[in-house]
2 protein chains.
Amino acid sequence: MFSRSEEDHIKAIHGLLQDAGQAFTKDIAERLNTRASSVTDMLKKLAGKGLVKHAPYHGATLTLKGRRQALSLVRKHRLWETFLVQRLGFAWDEVHEVAEQLEHVSSEPLIERLDAYLGHPRFDPHGDPIPDRDGRMPERVTVHLSEAQVGLRHRLVAVKDGSDALLRLLDAKGLAIGRAFILAARQEFDGSLQLTWRSGGCDLSAQVAAHLLTVPDPA
Amino acid sequence: MFSRSEEDHIKAIHGLLQDAGQAFTKDIAERLNTRASSVTDMLKKLAGKGLVKHAPYHGATLTLKGRRQALSLVRKHRLWETFLVQRLGFAWDEVHEVAEQLEHVSSEPLIERLDAYLGHPRFDPHGDPIPDRDGRMPERVTVHLSEAQVGLRHRLVAVKDGSDALLRLLDAKGLAIGRAFILAARQEFDGSLQLTWRSGGCDLSAQVAAHLLTVPDPA
DNA sequence: CCAATAATTTAGACTAGCCTAAATTGTGCC
DNA sequence: GGCACAATTTAGGCTAGTCTAAATTATTGG
């Protein structure tokens with residue numbers, strides 16, 4: 001249906017609209033490791049196919065059709081990442097590039113069967129939501145760790161800015177996405193949080209800047 | 001490492017060398033649904049990369065390097081087919097095209113983990129052997145057709161006495177070496193076998209004397 | 001308001017991979 | 001041997017996707 005390059009551009013635009021609210025030519029080029037002029041060419045092509053609205057000199061947005069296609073790609077990417085971690089035993093930070101290839105494999109029945117095989121997961125190993133087949137995102141009630149109640153049991157579900165560095169830091173401390181812990185103490189120093197938590201019988205601590213999203217975890 | 005098209009050509013050449021002992025330009029073109037002139041271009045390119053030996057006007061063979069690459073592709077293809085059937089519940093005749101895409105995903109760790117996850121299978125759902133990581137094929141247990149179980153899917157792998165006449169007879173009936181079929185009925189008349197089988201949607205029959213070697217073909 | 005600058009688009013060129021048509025080569029038969 | 005025919009290669013052209021360099025547009029500070 002669409003070429004690899006077309007799909008990559010659509011996903012990049014979608015990602016930028018999510019992250020920054022706008023998708024400029026140079027930012028798309030940067031994400032895809034190409035040049036702005038190449039992006040312009042592709043924007044014209046995708047606009048011609050009705051996937052993208054291109055406002056020359058003012059960036060691109062997605063049409064309904066383009067958004068649907070982007071969500072389908074996100075769905076495939078996140079399902080494959082879930083498969084790679086849950087079934088093949090990869091670590092969550094090893095799977096991105098392979099999933100980047102797998103998401104371009106084109107087969108509706110494949111992705112629906114994979115989804116079922118994985119038990120219709122709602123979030124991927126990075127804590128990101130997996131769109132359903134119609135592009136609907138699952139809802140999640142999250143609380144910034146900076147506002148979470150000390151002494152209560154929580155579960156880490158995502159990091160707001162998706163920082164791999166922070167995730168790795170926490171991972172090294174035994175706190176991963178999906179992991180439950182008890183928030184033991186929290187101190188704020190202008191924009192930075194000093195956290196102490198209890199998990200798996202140990203007391204651990206770290207200094208973090210980003211917003212950790214958690215859910216209160218009953219029992 | 002190699003482009004999709006390069007990989008497709010290498011696999012086609014390997015397949016023809018297996019099936020026919022020779023890989024001619026027009027046969028490669030036919031397998032890949034392209035034209036002979038396109039194949040010639042690619043043969044030159046692959047010869048330049050040291051994967052193929054191209055004897056102009058006399059077809060192509062694979063170098064050691066090319067053979068290794070072909071076996072790696074066959075391995076990936078058959079492991080993915082096994083996954084699709086064994087884990088995702090596809091029927092064995094629905095998986096070829098998807099596996100054709102998946103085999104081009106490039107990641108050593110992925111394929112080794114997939115292999116382990118599937119329990120290091122030695123044959124794929126079509127009964128074809130899966131090369132190991134070093135390109136070695138598993139040995140296959142063969143069964144005389146006079147002792148093969150009626151109703152099961154089999155694959156003709158050899159004729160014990162190598163009779164040309166028999167091969168020609170079977171060939172005319174659409175049953176060649178390497179061909180899978182379902183053994184529908186078998187009657188013995190002093191040393192001679194009356195066989196009926198189903199292959200490619202047709203019921204066929206023949207009277208044969210030689211020992212046909214087959215393998216049971218898990219469905 | 002306009003000149004400097006940054007972002008973007010346009011123009012023109014290149015490669016990979018494919019095609020058709022024409023030229024070439026190999027083969028088999030008289 | 002040489003001719004007919006099939007297979008193959010060569011020649012030349014096309015498209016998708018990329019690039020660099022030049023031209024254009026938007027923005028912003030003085």
Side-chain angles (χ1 to χ4, degrees), chain A residues 1-17 19-62 66 69-70 73 100-101 103-104 106, chain B residues 1-17 19-62 66 69-70 73 100-101 103-104 106:
Chain A
M1 188 68 174
F2 302 112
S3 74
R4 166 85 198 237
S5 179
E6 287 170 338
E7 292 190 344
D8 283 338
H9 280 77
I10 288 173
K11 226 186 66 168
I13 295 166
H14 183 258
L16 285 165
L17 291 174
D19 295 356
Q22 286 179 297
F24 292 112
T25 306
K26 85 170 162 60
D27 299 314
I28 300 168
E30 196 175 338
R31 281 212 178 195
L32 298 177
N33 258 301
T34 60
R35 301 313 183 121
S37 58
S38 309
V39 171
T40 300
D41 286 349
M42 188 54 85
L43 290 182
K44 284 196 255 182
K45 187 179 177 193
L46 292 173
K49 287 193 173 191
L51 293 157
V52 155
K53 258 210 282 285
H54 182 203
Y57 297 101
H58 296 282
T61 52
L62 293 174
Q69 181 61 27
L73 288 165
E100 203 79 355
Q101 293 184 64
E103 78 191 8
H104 296 289
S106 148
Chain B
M1 189 69 174
F2 302 113
S3 74
R4 165 84 198 238
S5 178
E6 287 171 338
E7 292 190 345
D8 283 338
H9 280 77
I10 288 175
K11 227 186 65 168
I13 295 166
H14 182 260
L16 284 164
L17 290 174
D19 295 357
Q22 288 179 297
F24 292 112
T25 305
K26 84 170 164 59
D27 300 314
I28 300 169
E30 196 175 337
R31 279 211 179 196
L32 298 178
N33 258 299
T34 59
R35 300 314 183 117
S37 58
S38 309
V39 172
T40 300
D41 287 348
M42 188 53 86
L43 291 181
K44 283 195 255 183
K45 186 181 178 191
L46 292 173
K49 287 194 173 191
L51 293 157
V52 154
K53 259 211 281 284
H54 183 204
Y57 298 101
H58 296 282
T61 52
L62 294 174
Q69 181 60 28
L73 289 165
E100 202 79 355
Q101 293 184 64
E103 79 191 7
H104 296 288
S106 150

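Just so it is clear: chains get the letters A, B, ... in the order the sequence lines come, proteins before strands, and each one is counted from 1. The structure presented is a predicted model; accordingly, all values stated were derived computationally and were not measured. The basis for the numbers below is simple: all heavy atoms, side chains too, and nothing from hydrogens, waters or symmetry mates.
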Q | Candidate nucleotides dA21(D), dC18(C), dG17(C), ranked by approach to the side chain of S3(B) - the nearest | A | dG17(C)
Q: Decide side-chain contact (heavy atoms from CB on, under 4.5 Å) for L62(B) and V52(B); before the verdict, give the C-alpha distance in whole Å, the side-chain angles of both, and the deciding distance to 0.1 Å.
A: CA-CA 4 Å; L62(B) 294 174; V52(B) 154; 3.8 Å; yes
Q. Rounded to the nearest Å, what distance is computed from the CD1 atom of residue I28(B) to the C1' atom of nucleotide dC18(C)?
A. 16 Å
Q: Take the protein atom CZ of R4(B) and the nucleotide atom P of dA16(D), then report the distance between them rounded to whole Å.
A: 19 Å
Below 3.5 Å is the cut-off: list the nitrogen or oxygen pairs between protein and nucleotides 4-8 of chain D, distance only.
residue, atom, partner, partner atom, Å
dT8(D), OP1, T25(B), N, 3.4
dT8(D), OP2, K26(B), N, 2.8
dT8(D), O3', Y57(B), N, 3.3

(Q) If I take atom OG1 from residue T25(B) and atom NE2 from residue H58(B), how far apart are they, to the nearest 0.5 angstrom? (A) 10.5 Å
Q.
Is R35(A) close enough to dT20(D) that one of its side-chain N or O atoms is under 4.0 Å from OP1 or OP2 there?
A. yes
Q) Taking atom CD of E30(B) as the centre, does the number of heavy atoms from other residues, nucleotides or ligands within less than 6.0 Å exceed 12? A) no
Q: Among dG17(D), dC19(C), dC19(D), find the nucleotide with the atom closest to the side chain of S38(A).
A: dC19(D)
Q. For D41(A) and dG12(C), what is the distance between atoms CG and P respectively, to the nearest whole Å?
A. 14 Å
Q) Where do R4(A) and D8(A) land on the salt bridge (charged side-chain N to carboxylate O under 4.0 Å, His left out) test, with the steps shown first? A) CA-CA 6 Å; R4(A) 166 85 198 237; D8(A) 283 338; 3.2 Å; yes
Q) Base, sugar-phosphate, or nothing: which does T34(B) touch, judged by heavy atoms less than 4.0 Å apart? A) sugar-phosphate
**Q.** Pairwise distance OG1(T34(B)) to CE(M42(B)) - rounded to 0.5 angstrom
**A.** 9.0 Å
Q. Which whole-number value in Å describes the distance from Q22(B) CD to dG26(C) C1'?
A. 14 Å
Q: Going by the side-chain contact (heavy atoms from CB on, under 4.5 Å) test, name the single residue among E100(B), Q69(B), R31(B) that passes it with K11(B).
A: E100(B)
Q | S37(B), nearest nucleotide to its side chain (from dT20(C), dA16(C), dC18(C)) | A | dT20(C)
Q) Between K44(B) and dT9(D), does any side-chain N or O lie under 4.0 Å from OP1 or OP2? A) no
